[in-house]
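Keep in mind that what you see is a predicted model, and the values were worked out from it rather than measured. Start at 1 with the first residue, then count along the sequence.
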Amino acid sequence: MRPILKLQNDLYLSMFINYALRQKADFSSLSVSKKQMFIEQNIQKDAVLKNTFIGMTIGMFTLEELKLYQSESKIFNKRIITMLIERLKSQIGKE
């Protein structure tokens with residue numbers, strides 16, 4: 001999954017920044033720690049956003065990867081979201 005997250009990185013980043021600006025007009029003025037908290041809370045609590053990110057990731061799977069995903073989708077979904085949150089927090093936190 002790491003290569004997919006890396007490949008789709010710019011899309012994830014753009015999607016989340018767009019989402020954050022729609023939700024919280026002053027997102028760019030938040031402190032780094034508040035931005036990171038916002039990222040984590042919103043991805044975990046907003047089902048539409050979470051499922052969008054999962055769908056973007058699954059859409060890049062090969063047929064073999066998809067079969068493996070289907071056998072343990074809950075575990076994979078949790079892992080995708082955990083990795084994505086960390087990736088976004090590390091990049092948005094730098095701004």
Side-chain angles (χ1 to χ4, degrees):
M1 283 187 295
R2 225 174 227 97
I4 292 172
L5 292 175
K6 186 175 181 178
L7 177 68
Q8 297 286 81
N9 186 66
D10 291 341
L11 292 176
Y12 296 131
L13 200 53
S14 178
M15 285 275 300
F16 188 80
I17 290 171
N18 185 14
Y19 169 86
L21 293 173
R22 282 186 286 131
Q23 298 299 312
K24 193 167 190 75
D26 63 342
F27 179 75
S28 58
S29 66
L30 293 176
S31 68
V32 171
S33 62
K34 287 191 178 184
K35 282 182 182 178
Q36 291 180 344
M37 190 183 321
F38 181 85
I39 291 166
E40 191 160 347
Q41 289 175 346
N42 283 274
I43 291 177
Q44 290 180 350
K45 291 181 181 172
D46 188 325
V48 173
L49 180 65
K50 183 177 183 177
N51 289 331
T52 299
F53 283 134
I54 290 170
M56 289 170 65
T57 306
I58 294 168
M60 299 298 292
F61 284 178
T62 64
L63 188 55
E64 286 179 23
E65 291 168 338
L66 182 62
K67 287 178 184 176
L68 180 60
Y69 168 82
Q70 289 169 333
S71 69
E72 297 287 341
S73 62
K74 273 189 170 184
I75 294 169
F76 279 98
N77 287 348
K78 186 175 181 177
R79 186 73 182 130
I80 289 167
I81 293 303
T82 301
M83 291 169 69
L84 185 59
I85 287 171
E86 291 309 311
R87 179 172 278 278
L88 289 173
K89 283 167 61 174
S90 71
Q91 292 178 71
I92 292 176
K94 291 178 189 174
E95 295 177 351

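Atom OG1 of Thr82 is separated from atom CD of Glu86 by 8.0 Å, given to the nearest 0.5 angstrom. Taken to the nearest 0.5 Å, the OG atom of Ser28 stands 8.0 Å off from the CG atom of Leu30. Note that CE of Met1 and CE of Met83 are 5.5 Å apart. Values are rounded to the nearest 0.5 Å. Once rounded to the nearest 0.5 Å, the distance linking CG of Leu49 with CD1 of Ile54 reads 10.0 Å. A distance of 7.5 Å separates CG in Asn51 from CG in Asn77, rounded to the nearest 0.5 Å. Between Gln36 atom CD and Leu88 atom CG the span is 10.5 Å, to the nearest 0.5 Å.
Residues meeting the side chain to side chain donor-acceptor pair (under 3.5 Å) test with Glu40, sequence neighbours left out: Lys89. Not counting sequence neighbours, the partners of Ser33 by the side chain to side chain donor-acceptor pair (under 3.5 Å) test are Ser31. The side chain to side chain donor-acceptor pair (under 3.5 Å) check on Ser14 picks up nothing, with sequence neighbours excluded.
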- What's the verdict on side chain to side chain contact (heavy atoms under 4.5 Å, CB included) for Tyr12 and Leu5, showing C-alpha distance, side-chain angles and the deciding distance? CA-CA 8 Å; Tyr12 296 131; Leu5 292 175; 3.5 Å; yes
- Decide side-chain hydrogen bond (donor to acceptor under 3.5 Å, both in side chains) for Asn9 and Gln91; before the verdict, give the C-alpha distance in whole Å, the side-chain angles of both, and the deciding distance to 0.1 Å. CA-CA 10 Å; Asn9 186 66; Gln91 292 178 71; 2.6 Å; yes
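Side-chain contact between Glu72 and Leu68: absent, with no pair of heavy atoms (C-beta onward) separated by less than 4.5 Å. With a 4.5 Å cut-off on side-chain heavy atoms, Gln44 and Ile85 count as touching. Under the 4.5 Å side-chain criterion, counting only non-hydrogen atoms from C-beta, Ile39 is in contact with Phe16. Counting only heavy atoms from C-beta outward, the side chains of Leu84 and Thr57 never approach each other to under 4.5 Å.
Taking all atoms of both residues into account, the shortest heavy-atom contact from Lys50 to Ile43 is CB-O, 3.4 Å. The two residues Arg2 and Arg87 make their nearest non-hydrogen contact at O-NH2, 4.5 Å. Closest non-hydrogen pair, Lys35 versus Phe27, comes out as CE-O, 3.3 Å.
Using a 30° and 60° split on the angle between ring planes, Phe38 and Tyr19 fall in the tilted class, from 30° to 60°.
Follow the hydrophobic side-chain contacts under 4.5 Å out from Met37 and you never reach Leu21; the two are in separate clusters.
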